[in-house]
Amino acid sequence: MRIVVQDAPFDLGAETAQFAAGHSNMGAVVTFTGVVRDSDAGSLEVMEIEHYPGMTERALTAIAEEAQQRWSLGDVLVIHRYGSLTHGEMIMMVATAARHRKDAFEAAEFLMDFLKSRAPFWKREVTAHGADWVAAKAEDEDALGRW
Amino acid sequence: MRIVVQDAPFDLGAETAQFAAGHSNMGAVVTFTGVVRDSDAGSLEVMEIEHYPGMTERALTAIAEEAQQRWSLGDVLVIHRYGSLTHGEMIMMVATAARHRKDAFEAAEFLMDFLKSRAPFWKREVTAHGADWVAAKAEDEDALGRW
Amino acid sequence: MNVLYFAWVRERIGLPREEVQSEAATVSELVDELVAREARYAAAFADRSALRVAIDQELSDFDAPLAGVREVAFFPPMTGG
Amino acid sequence: MNVLYFAWVRERIGLPREEVQSEAATVSELVDELVAREARYAAAFADRSALRVAIDQELSDFDAPLAGVREVAFFPPMTGG
């Protein structure tokens, strides 16, 4: 298991290749990558991501450990950035390796659902019209109910 | 949409990075990678993958088009190898890009479920004990029922 | 028409494809004709429920008509991914 | 104890953390004390249902006791991923 919280960009291709290569007896590798979209409110100048140092690492570790208890996984990777990002930049990624694809897919979805609503990150969008904190979506909270 | 059927290895890292970079207004990118595991029957010497040239490309294209009709996707990538592979080599990958993670995840799982049982590939495992065609699993056929 | 065989169907019949002259109206009738020819076909088609058929590169079934068809393929259930 | 604020809670209160001397038995009592102090706290805590609380870096709730607690954090619902 590897949990990374950093402001620097990460190399999705290198991380994915390295993760998959490290688990040659896992038949299935799933990755999810979150990318900064343009704002619904208009042209995004910057997305600022604030986090809670210390709690962030604890929360991500707890979520990843929970995934490892629920599914038969060879490994879990979580990388999440904070700081100022621009349109098209990668915010975060998770990767799961498992013998069977069902475990790899479900664990990756579980990680994403919990990371959305239970890891202490807050996004703020800055556009030409001003700056606004991104509101949590009811559907993200609802998504936890299925686990 | 890009469908690739080839005997040569592919570069998972480069493909993933290129796919994600090409869709900066899609917030979610999911990849699945299939890796040659060791055989349940013992030490795998080689996995041979036979396919039906012509029909393979048609079937993969049809499955990807179906995914694009069912979910709101920015793009779909499918790469599948044939020929002789060894333990730890990557057999195939799919990637999906969408504005929302639910679409990206569901479409990737749909692609995998249909690709397993509806794309004309056949695997043969060669071990020290001999060679055997991999039997289709009832659970893979059953997995189609949920779509 | 062209008849193609894959995986263990190919191995049992001993060749990957052949040109077959047939007046068979359906896939099932074509299989009946092949089975009547030689033991290797009978071995390959012994359990039709274990086989899949594609007509002109689309999955089909044994009841499908063969009028106008150029290519028929027989193979076991697929194991992609 | 250390009290931390994040996102718009931090902005309304005007600082990211402060040391608070309090005999409050629960998180709710601590908030009552803060709200009584100054308008900027009242503004931040106007709708407690819109807030989340963490105690010693674990998610908790407003009824939780504060005995032995070193760090309390207030923030809006999280938006990771």
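Quick caveat, the model's predicted, so the values are computed rather than measured. Throughout, a chain's letter reflects where its sequence line sits, starting with A, and its residues are numbered from 1.
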Report the donor-acceptor contacts between chain D and chain A below 3.5 Å as a table, one pair per row.
from	atom 1	to	atom 2	distance (Å)
D:Ala7	N	A:Glu50	OE1	3.4
D:Ala7	N	A:Glu50	OE2	3.0
D:Arg10	NE	A:Glu50	OE1	3.4
D:Arg10	NE	A:Glu50	OE2	3.0
D:Arg10	NH2	A:Glu50	OE1	2.6
D:Glu11	OE1	A:Trp133	NE1	2.7
D:Gln57	OE1	A:Met55	N	3.2
D:Glu58	OE2	A:Arg58	NH2	3.0
D:Glu71	OE2	A:Tyr52	OH	2.5
D:Pro76	O	A:Trp122	NE1	2.8
D:Thr79	N	A:Phe121	O	2.8
D:Thr79	O	A:Lys123	NZ	3.3
D:Thr79	OG1	A:Lys123	N	3.0
D:Gly80	N	A:Lys116	O	3.1
D:Gly80	O	A:Lys123	NZ	3.3
D:Gly81	N	A:His80	NE2	3.0
D:Gly81	O	A:Lys123	NZ	2.7

Atom CD of D:Glu19: over 12 foreign heavy atoms under 6.0 Å: yes
Structural part of D:Ala54 lying under 4.5 Å from a heavy atom of chain A: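 Looking at D:Ala54, just its side chain touches chain A.
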A:Ile91 portion near chain D, given a 4.5 angstrom heavy-atom threshold: side chain
Top contributor to chain D interface from A:Gly34, A:Ala135, A:Pro120, A:Ala62 [non-hydrogen pairs under 4.5 Å]: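 Ranked by heavy-atom pairs under 4.5 Å with chain D, first place is A:Pro120.
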